[in-house]
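Since the structure comes first, as structure tokens, the remarks are kept for the end.
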There are 2 protein chains.
Amino acid sequence: MIRQLLLLGILMDGKMHGYRLNEYIKHTMDFYTDLKKSTAYYILEQMEKEGYVSCETEREGKRPERRVYEITKPGKAYFLELLRNCLAGYAPTSYGDDICVAFMDKVPPAEIHTLLEGKRRKIVARLETFKEHKRHEGGWKYVINHNIAHLKADLSWVDSMLKERGKES
Amino acid sequence: MIRQLLLLGILMDGKMHGYRLNEYIKHTMDFYTDLKKSTAYYILEQMEKEGYVSCETEREGKRPERRVYEITKPGKAYFLELLRNCLAGYAPTSYGDDICVAFMDKVPPAEIHTLLEGKRRKIVARLETFKEHKRHEGGWKYVINHNIAHLKADLSWVDSMLKERGKES
DNA sequence: AACCGAATAATCAATATAGACTAATTATAT
DNA sequence: ATATAATTAGTCTATATTGATTATTCGGTT
């Protein structure tokens, strides 16, 4: 669903062939989605069957054939429906961290502090990455802010656990 | 991976049959995971093949047969390995909201404010739910705090967008 | 006492996703 | 000049996930 939205959203700016679509996702959206190449092709095929995109094969020079996808009128309507639903909705996220923290006490208490410090470092590292993005990119402003907000929340959450649980080491 | 951790973590407190496992997840972990019943059975089967859990079928009274799962020694070791990795690691989350906000401008500008207000209400509602949980449950303290932190981050993020993008309505 | 809905317990077929693979072309380095 | 690496483009198989379905039993109701 969200993946359909993603692909249709890109195609809203004009037709594109599968390979370029995937390169685009990989280069400019890598931090915001985990959509893989083969899944993208699969969803495009499925959306072609449902009439949301049309597909023509073309070849340029002696390169292999490419499948050029274009969003259709029903596809545009469907995209807007998905988009409105997503903008007005809230899809509860489930975090792997929740599960492992729930079982935290099953690891020897002496280790906990060190382990959480490892997590902390990784959060800080990712936070730095996003702060750099902030300077470079323009359009994705809100998205970057969103991710930064969540990373900051994670950071102070880990810090609060370190404070409470870190005494015994 | 995180789902294996979840199932093994429950089994660390003693053997349990499939149905009860799933009821347990549904009743006490519903907010923190989206693991479905059939997926749980699948993962248990897979972990049985790998020797992390053993499985015996038993029947009580005239009820249908149940598969009782018990974690093995290799299973406990594997669980601790997963747990350490998860506690010390950070798995980047990708949010559906990021995608739809990235395409926000493809919806008529006049609608944006109303749509985002819808999202805001849903965030607030969920936040209330978690705040109630806070009183009832004891052990899952950090998990609840984590979710509350993220919901608050979402809330002030939506508010910042409402402030910037809501003028034109 | 017969019926209906909920609970118990799991299975199955269909769909979605990931990761490895193919196969040609162009760029790079020795 | 030629071996090697990277790029282009997409496919294929294996695995994970979901939603629907089955089939029995228990508890309450009229």
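Everything numeric in this text was worked out from a predicted model, so none of it was measured. Quick note on labels: first sequence line is chain A, next is B, and so on, each numbered from 1.
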E70(A)/L11(A) under side-chain contact (heavy atoms from CB on, under 4.5 Å): CA gap, chis, key distance, verdict: CA-CA 6 Å; E70(A) 185 170 14; L11(A) 291 177; over 6 Å; no
Between dT11(D) (P) and N22(A) (CG): distance, integer Å: 12 Å
Close aromatic pair by centroid cut-off 6.0 Å: W140(B) and Y32(B): yes
Closest to side chain of R3(A), choosing from dG19(D), dT17(C), dG19(C): dT17(C)
Spacing between E50(B) atom CD and dA16(D) atom C1', to the nearest angstrom: 13 Å
Below 4.0 Å: OP1/OP2 of dT17(D) and any side-chain N or O of K36(B): no
Give me, pair by pair, the N or O atoms of the protein and of nucleotides 5-9 of chain C that are less than 3.5 Å apart, along with how far apart they are.
residue: dT8(C); atom: OP2; partner: Y19(B); partner atom: OH; Å: 3.3
residue: dA9(C); atom: OP1; partner: R66(B); partner atom: NE; Å: 2.8
residue: dA9(C); atom: OP1; partner: R66(B); partner atom: NH2; Å: 2.9
residue: dA9(C); atom: O3'; partner: E65(B); partner atom: O; Å: 2.9

D154(B) vs Y90(A), side chain to side chain donor-acceptor pair (under 3.5 Å): CA-CA, chis, key distance, verdict: CA-CA 10 Å; D154(B) 278 328; Y90(A) 185 73; 2.7 Å; yes
Residue pair I43(A) / L35(A), side-chain heavy-atom distance below 4.5 Å: yes
N/O donor-acceptor pair, side chain S38(A) with base dG10(D), under 3.5 angstrom: no
side-chain N/O Q46(A) vs dT15(C) OP1/OP2, d < 4.0 Å: no
Quiz item: T39(A) side-chain donor-acceptor pair to dA16(C) base, under 3.5 Å: no
S94(A) backbone acceptor or donor facing D98(A) side chain under 3.5 Å: no
Separation of atom CD in E45(A) from atom P in dT15(C), rounded to whole Å: 13 Å
Parallel, tilted or perpendicular: rings of H146(A) and H150(A) (30°, 60°): perpendicular
Distance in angstrom units between I43(B) CD1 and dT17(D) P, rounded: 5 Å
d(CD1, I2(B); C1', dT17(D)) in whole Å: 17 Å
For atom CG of L44(A) and atom P of dA9(D), their distance in whole Å: 15 Å
Separation of atom CG in L6(B) from atom C1' in dT17(D), rounded to whole Å: 15 Å
Nucleotide dT17(C), atom C1' - distance to CE of M1(B) in whole Å: 16 Å
Contact list for residues 47-70 of chain A, test ring pair (Phe, Tyr, Trp, His ring centres under 6.0 Å), sequence neighbours left out: Y52(A)-Y78(A)
